[in-house]
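Before any comments, here is the structure.
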Amino acid sequence: MRPPFWKMAAREKTAGRNIGRLGYIVMYPAWKTAADPQRQNIAALDGRSFFWNLAPSAESTVSALVTQLAAAEAIHKVADSQSLPRNIMFAFFQGEVFDYIGSSRMVYDMEKGKFPIRLNNIHSFVELSQVALRNDSTLWIHTDPISRSNKSVNTEVEQLIQFLKNSSINTNVTLQETDQSQPLPPASFQRFLRVRDIPGVVLTDHRSAYRNKYYNSMYDTAASINMNYPSGLSKEEALNYITEAAQVTRMLYGFLVMSNNSWFQSIIKSDWKGNLGEKPPQYYVTASPIGRTQSPNPPTSFLISVLANLTGQVLYEYLWVQGPLNDNSTTRAPYCVRTTLHSYLAESPAFELNEWDSTNYSTWTESRWKEIRARIFLVPSHELEVITLIVGIAILLFVFRRYLLNKLQGRHTVHKCTRQQRVSDLLETYRLLLDGGL
């Protein structure tokens, strides 16, 4: 019996499933408050473009990613963050550009009881989308008109909107609400709404149309969100550079400009140091053959390291990191970080359920090709080509001349032998006649 095509694909490595990892962190351990209402703050962790593994995703992904990291750090620094009325979870989903792989996985695990928190325990959502290209420092609040038809959900949404507006008072950010009849923009929040009506909002820098003209493009770089540095700065100076308008944090530099900087080097695990590079990180989601375990790709390893470093105080998970360079600049001082950060595989439930024609879950895969080989042929100089041609023609003429001479010489020999034979025959005939006549 012929094996199923997905088993053949795994054996021959002709296709790989698009997977990643999702990470989440809570203000205090989730198992202590699993039955209590939780508030989730979510952001995407991946991007794409027309070209494979080329996705800088500055506005599409990193703008929300860094904003959420800064929010998590700020809340963790509050002295009484452990006594908040509700636990807050910061979640980062990977695979969202391929039909919401990460958020689909979390919803599926919540439904199956495989996640510490159940769907019924989610109080509300705040999702950050594209937030870098604000017009007059305005952020727009998007809500779901369908779920708001539920009276209790609508009440919670209105309270959440008012809370966000009050929080922006005396800041350089203004929050405005879009028309309630306007549908949600593409957002991970929609995966949760497909299962249950949950109060929530999506914050963006656009009202009804994207301001990002390089959405899912290779040109969605740091320069596209006006992140520029004066000329002449060293790498370390650029890492800690502060502009007149706002502080260009080390997170932006590491996630958008160069991951191989002194801060990332000091907070990353030694097993992941190979992910550091001199170029901007690429946020293309990882593809892996079915059945193979998946380690964090570079963006995920950076996220885990930064998030653990910024929030590692109430301590249940352990990360052993490289640490900063010692004074001699050749060895490092490693240390252990304990944190409530967790991460696990963000794989579409369709691969677990073997539902390859699923309309509920992502079934994106990435084609794989066999090894490409090439041969190099050396081309001689023009002078050598001319000499080779002339010598070849000369040899051809010489051989042809010898052939003609040999042929002509053969004909002359045959002709000469024929004349002598005829003379001999005549003489013999004459002799016989004479003998007969005698």
Side-chain angles (χ1 to χ4, degrees), residues 24-28 30 33-44 63-65 67-76 78 80-93 96 100 103 106-107 110 117-131 134 137-208:
Y24 66 93
I25 189 170
V26 289
M27 292 296 102
Y28 36 91
T33 59
D36 300 332
Q38 315 273 328
R39 173 165 291 165
Q40 281 206 344
N41 289 32
I42 56 180
S63 63
L65 169 65
T67 302
Q68 180 148 293
L69 286 171
E73 179 189 19
I75 294 177
H76 267 80
V78 177
D80 58 347
S81 61
Q82 299 299 306
S83 60
L84 292 173
R86 292 189 182 91
N87 200 357
I88 301 177
M89 174 185 289
F90 293 90
F92 302 84
F93 298 131
E96 296 304 278
Y100 307 109
S103 54
M106 179 175 281
V107 171
M110 285 182 172
I117 300 172
R118 303 295 180 89
L119 277 171
N120 293 335
N121 300 124
I122 298 179
H123 175 269
S124 56
F125 270 96
V126 176
E127 179 171 356
L128 295 176
S129 184
Q130 304 173 69
V131 295
R134 299 186 304 275
S137 297
T138 299
L139 283 179
W140 292 94
I141 304 175
H142 300 260
T143 59
D144 175 48
I146 299 176
S147 61
R148 292 190 69 175
S149 61
N150 183 309
K151 186 176 180 180
S152 61
V153 172
N154 184 60
T155 301
E156 293 289 347
V157 171
E158 289 179 348
Q159 292 177 357
L160 180 58
I161 292 174
Q162 191 58 47
F163 173 79
L164 291 172
K165 288 183 176 180
N166 293 339
S167 301
S168 66
I169 297 176
N170 298 325
T171 68
N172 59 353
V173 177
T174 303
L175 293 175
Q176 295 187 28
E177 186 179 359
T178 61
D179 193 326
Q180 291 189 19
S181 62
Q182 179 176 305
L184 276 176
S188 304
F189 181 36
Q190 300 201 44
R191 287 298 308 180
F192 293 84
L193 289 173
R194 292 181 61 177
V195 180
R196 173 175 170 259
D197 288 340
I198 304 175
V201 299
V202 178
L203 301 180
T204 71
D205 56 16
H206 55 272
R207 182 175 186 177
S208 58

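Note that the numbering runs from 1 along the sequence shown for the chain.
- Residues satisfying the ring pair (Phe, Tyr, Trp, His ring centres under 6.0 Å) criterion with Phe192, sequence neighbours excluded, are Phe125.
- Annotation: side chain of Gln180 is not in contact with side chain of Pro145 (no heavy-atom distance under 4.5 Å).
- For Glu177, the salt bridge (Lys or Arg N to Asp or Glu O under 4.0 Å) test picks out Arg148, with sequence neighbours left out.
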Going by atom type alone, with no hydrogens or angles, which donor-acceptor pairs under 3.5 Å involve a side-chain atom of residues 157-164 and a protein atom two or more places apart or on another chain?
{"unit_1": "Glu158", "atom_1": "OE2", "unit_2": "Asn154", "atom_2": "ND2", "d": "3.3"}
{"unit_1": "Gln162", "atom_1": "NE2", "unit_2": "Asn166", "atom_2": "OD1", "d": "3.0"}

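- A search for side-chain contact (heavy atoms from CB on, under 4.5 Å) contacts involving Ser181 returns Asp179, not counting sequence neighbours.
- Counting only heavy atoms from C-beta outward, the side chains of Glu156 and His123 approach each other to under 4.5 Å.
- Within a 6.0 Å sphere centred on CD1 of Ile146, other residues, nucleotides and ligands contribute 12 heavy atoms or fewer.
- One distance of note links CD of Gln40 with OG of Ser124; it measures 9.5 Å at 0.5 Å rounding.
- For Ser63, the side-chain contact (heavy atoms from CB on, under 4.5 Å) partners are Glu59, Val131, Ala132, not counting sequence neighbours.
- Between Ile141 and Thr178, the closest side-chain pair of non-hydrogen atoms is not below 4.5 Å.
- For the pair Asn121/Met110, no side-chain contact is recorded, criterion being any heavy-atom separation below 4.5 Å from C-beta on.
- A heavy-atom distance below 4.5 Å is found between the side chains of Ser129 and Val202.
- Residues Phe93 and Ile42 are in side-chain contact: their nearest non-hydrogen atoms beyond the backbone lie under 4.5 Å apart.
- In this model, a donor atom of one side chain and an acceptor atom of the other lie less than 3.5 Å apart for Glu96 and Ser188.
- With contacts defined as side-chain heavy-atom distances shorter than 4.5 Å, the pair Val201/Glu127 does not qualify.
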* To do: Mind running side chain to side chain contact (heavy atoms under 4.5 Å, CB included) on Asp205 and Trp140 for me, showing each step along the way?
  => CA-CA 6 Å; Asp205 56 16; Trp140 292 94; over 6 Å; no
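- For the pair Asn41/Leu128, no side-chain contact is recorded, criterion being any heavy-atom separation below 4.5 Å from C-beta on.
- Separating the NE2 atom in His142 from the CG atom in Leu184 is a distance of 8.5 Å, to the nearest 0.5 Å.
- Within the structure, salt bridge (Lys or Arg N to Asp or Glu O under 4.0 Å) contacts touching residues 180-204 (residues at least two apart or in different chains) do not occur.
- With rounding to the nearest 0.5 angstrom, the CD atom of Gln182 is 8.5 Å from the OG1 atom of Thr143.
- Note that the CG atom of Leu175 and the CG atom of Leu203 stand 6.5 Å from one another [nearest 0.5 Å].
- Taking each heavy atom of Ile198 and Ser147 in turn, the nearest pair found is O-OG, 4.4 Å.
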